[in-house]
Amino acid sequence: MKRLPGIFNDVIGPVMRGPSSSHTAASWRIARICLDILNEPLKKAVIDFSTDGAWAPNYREQGVVMGINGGLLGLEITDSRMKNTEVRAEEMGIAITYEINSFPTNHINTVRLSLEGINGKKVQIVAASLGGGAFEIQKIDGFNVNICGDFFEILILNKINKPILDEVKTILPQNILLFQSCNENGELINLKSSKDISVEIIKLLKTAPVFDEVIVVNPVLPIVSGNEIEMPFTTIQSLLKYSEKENLDLGEIGLIYEKCQSGLSEYELINKMKNTVGIIEKSIKTGLKGTKYEDRILHQQSHLVGRAEKTRKILQNSIVNKIVANITAIMEAKSAMEVIVANPTAGASGAVGGVLKAVAEDLNSTSDELIKAYFAAGIVGAYFAKKPGFSAEEHGCQVECGAASGMAAAGISQLFGGTATQAVNATSMAIQNMIGLVCDPVADRVEVPCLGKNVSAAMNALSSATMACSGFDVVIPLDQVFQTVSLVSKQMPTCVKCTGKGGLAITKAAFDLKEKLTINRSGQSPKS
Ligand code: SF4
């Protein structure tokens, strides 16, 4: 079941700790759902990554262990104990081990979790991370499922081959979606609801003698699906036609999009965005104040810009200085495992927040104008999320910093007072300059060249918004730019798609750094 990307579910968020949204946030979400599926307290877990997958070479460094451990231990992803989940697991007496094995997969970021509970229940789950924190639980003990964390769900298991569908239907209200999967072990029925399933219905299901097991799975995404209302536009062209007809800017269009997608009121959505922007701005303050974290490449540098400005070594009172300092602060907060907002991903979390704050301050924009700019950034991000999506393992950095640059360009154009067409053109221009950008993180840390790419994404966004709002010709419309990103990613070799096997990741300096960090962390040299 394909759902429409949402601004809060897929673009501006998740709110998280950890280096990477596809590695840390998605794996945390997967593990939280798996803990519900186990349906009893966890005793031990074996986590497998496919030998041929993108996670095998760098799952620990990029935060998968942090995410999976945290989810399996029942921690919130913003909990400060996420910084040290291995110690927490030991304290709780839960054994979580990691292996690399061969098993069938249909996505490059696939993980298999074999869990055992304290009462001896065992379950095996296969899931994939789809980029930017999105994920899909694909199999539970061989049964096909499609759980993406956006519904209240119930799983009904019937191990002996007796038909249970009719029995389930008699208990359920009509607005609950129902999916059935059968294999040689019996039958699994998956119920999906847009509303919390009542205690009475759960009790009826649990006491029905024909069901072997009834499992409640809670949503992990901020917006629950199934409450959508009809959208007045679909494609980017129809969106622009609608904006002209109704005389709406892109921020207003973004708010309408999210209202239709979520079923929430404007008031609720504006408050949610205010809260999210508050978290982004707090991460800038945290970074500028100074962060400490041993296992990282870059230590605090965000304060150096202010120092250089005071001693007249760089431009005076320039927006460039503010942009560089803000982005560096967010990236430092991220690398120190402080709370940040993936925007649209954790690796690219600096660009949009850093540049929108600097531009809004320069223009003396009101807080409401800044919120609108985030909705403008969010809607172009939602169209990006539809296709190609934000998975660097599939498409490289063109879908992380490239997407962030396009989103920031839309947000800046909104702050400039540009039309929806100008904001969409600014996005197109910005992404045109980022096509083919490789993903080659040094020493498997999401720091270098990620910081520089975030800064150039923001500068590129500012110049693209300036060009678009001055009336420059976009030449290639945004939908064709999205298609080009997908096409180019097919032509890019795997070694430059977040595998640590190409680009700057294989320079001598990168190997030296990797060795140094590995020795610091474990006292052992890295395996070749
Ligand atoms: S290079 Fe880009 S895509 Fe790769 S980890 Fe860094 S920010 Fe993410």
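When a ligand or atom number is given, it counts from 1 through the structure's own listing order. Everything numeric in this text was worked out from a predicted model, so none of it was measured. For this chain, numbers begin at 1 and follow the sequence in order.
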- Would you please indicate if the ring centroids of F384 and F482 are separated by under 6.0 Å?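 Between F384 and F482, the centre distance is under 6.0 Å.
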Cut-off 3.5 Å, no hydrogens considered: what does the side-chain donor-acceptor table look like for residues 371-378, sequence neighbours left out?
| unit_1 | atom_1 | unit_2 | atom_2 | d |
| --- | --- | --- | --- | --- |
| K372 | NZ | D249 | OD2 | 2.9 |

- Item | S405 side chain to N460 side chain, donor-acceptor N/O pair below 3.5 angstrom | yes
- Using 4.0 Å as the upper bound for N to carboxylate O, is an ion pair formed by E447 and R296?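 No, this pair does not count.
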- side-chain hydrogen bond (donor to acceptor under 3.5 Å, both in side chains) partner of H23, chosen from S20, S27, S21: S20
- Message: Below the 2.8 Å mark, what number of protein N, O or S atoms do you get around atom 2 (Fe) of ligand 1?
- Response: 1
- List the atom of L415, the atom of L356, and the distance in Å for their closest heavy-atom pair.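 Here L415 and L356 meet closest at CD1-O, 3.9 Å.
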